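Report on the structure given below.
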Amino acid sequence: MDDAGHVSRKTVLRAALAAGVVVPSALGLARATAGAAPTLTPSCHDGDDETPPQIEGPYFKPNSPLRTVLATSNTPGTPLTLTGYVFGLACKPLANVLLDFWQADDNGAYDNSGFTFRGHQFTNAQGVFTLTTIVPGLYPGRTRHIHVKVQAPNKPILTTQLYFPGEPRNNTDAYFDPRLLMTVHDLPPRSKEAAFDFVLDVQQGPPGPGGGTTWTPGTTYKPGDRVKYNGSGYVCLQGHQAQQGWEPPAVPALWRPE
Ligand SMILES: [Fe+2]
């Protein structure tokens, strides 16, 4: 690992998410070990953790099936479940992100006539994806890897590859990048589970005017609250209960345009 800061940042972020507001209940995973959650504040204020791109390689095929499961219990190979988040640059999870995975089978062969070990899916509302597959086999010239294209709605496609720790060929594969190492654990008796979080080049600024909340009569506002009214944003100056006739533009003593 030549990038320990990268890993620890993601580890902290994952722990914070697991312990905080955005709890993805489906991710009650062994790897999100509750007792080990540090109490640090997630720190992510720039884009230096963006997931790096990699070459597509010769075996991508468009129009893969929509599915998260690429292997069954009868599929030859070591069962592997890969889960993770897709984040934007502000480290907030991104929903509805397309992930299109493709990989070799247990023998290191790609299915170029059909769609075996090919599938696309979308992150859920919590920004989480799950892929059920097998550990891909090795083929000449490469270390073990999984290909993926990741695309947030209306954003550019990130094409990259994910790698397995401890693979001897990681040292000799010119494409290998430690920033793309998954965290992989054995899941006895014969399975493995892996985790990887993507960080996409997607700006995630503060909410727009009004903070995304619409002014509503009957609501009690306190100084500093932000609302939207008729498309404009306002900041509350004095605590009060909103009522008809006290619309933000009509009462400058209560609301300041922003
Ligand atoms: Fe490949």
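Note that ligands are numbered from 1 as they come in the structure, with each ligand's atoms numbered from 1 the same way. Here the structure is a predicted model, which is why all the values come from computation and not from measurement.
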Consider only side-chain N and O atoms of Lys228 and Thr214, and report whether a donor and an acceptor are under 3.5 Å apart.
no
Within 2.8 Å of the Fe ion (ligand 1), is there any N, O or S atom belonging to Tyr110?
yes
Compute the angle centred on the Fe ion (ligand 1) spanning OH of Tyr139 and NE2 of His145, and express it rounded to 10 degrees.
90°
Could you please spell out the steps behind the ring-ring contact (aromatic ring centres under 6.0 Å, His included) verdict for Tyr139 and Tyr110?
CA-CA 10 Å; Tyr139 61 90; Tyr110 287 86; 5.4 Å; yes
Cut-off 3.5 Å, side chains only: do Thr219 and Gln241 have a donor facing an acceptor?
no
Need the atom name: nearest N/O/S atom of His147 to the Fe ion (ligand 1).
NE2
As a quick check of understanding, evaluate ring-ring contact (aromatic ring centres under 6.0 Å, His included) for Trp215 and Tyr229, giving each step before the final call.
CA-CA 6 Å; Trp215 179 81; Tyr229 181 81; 5.5 Å; yes
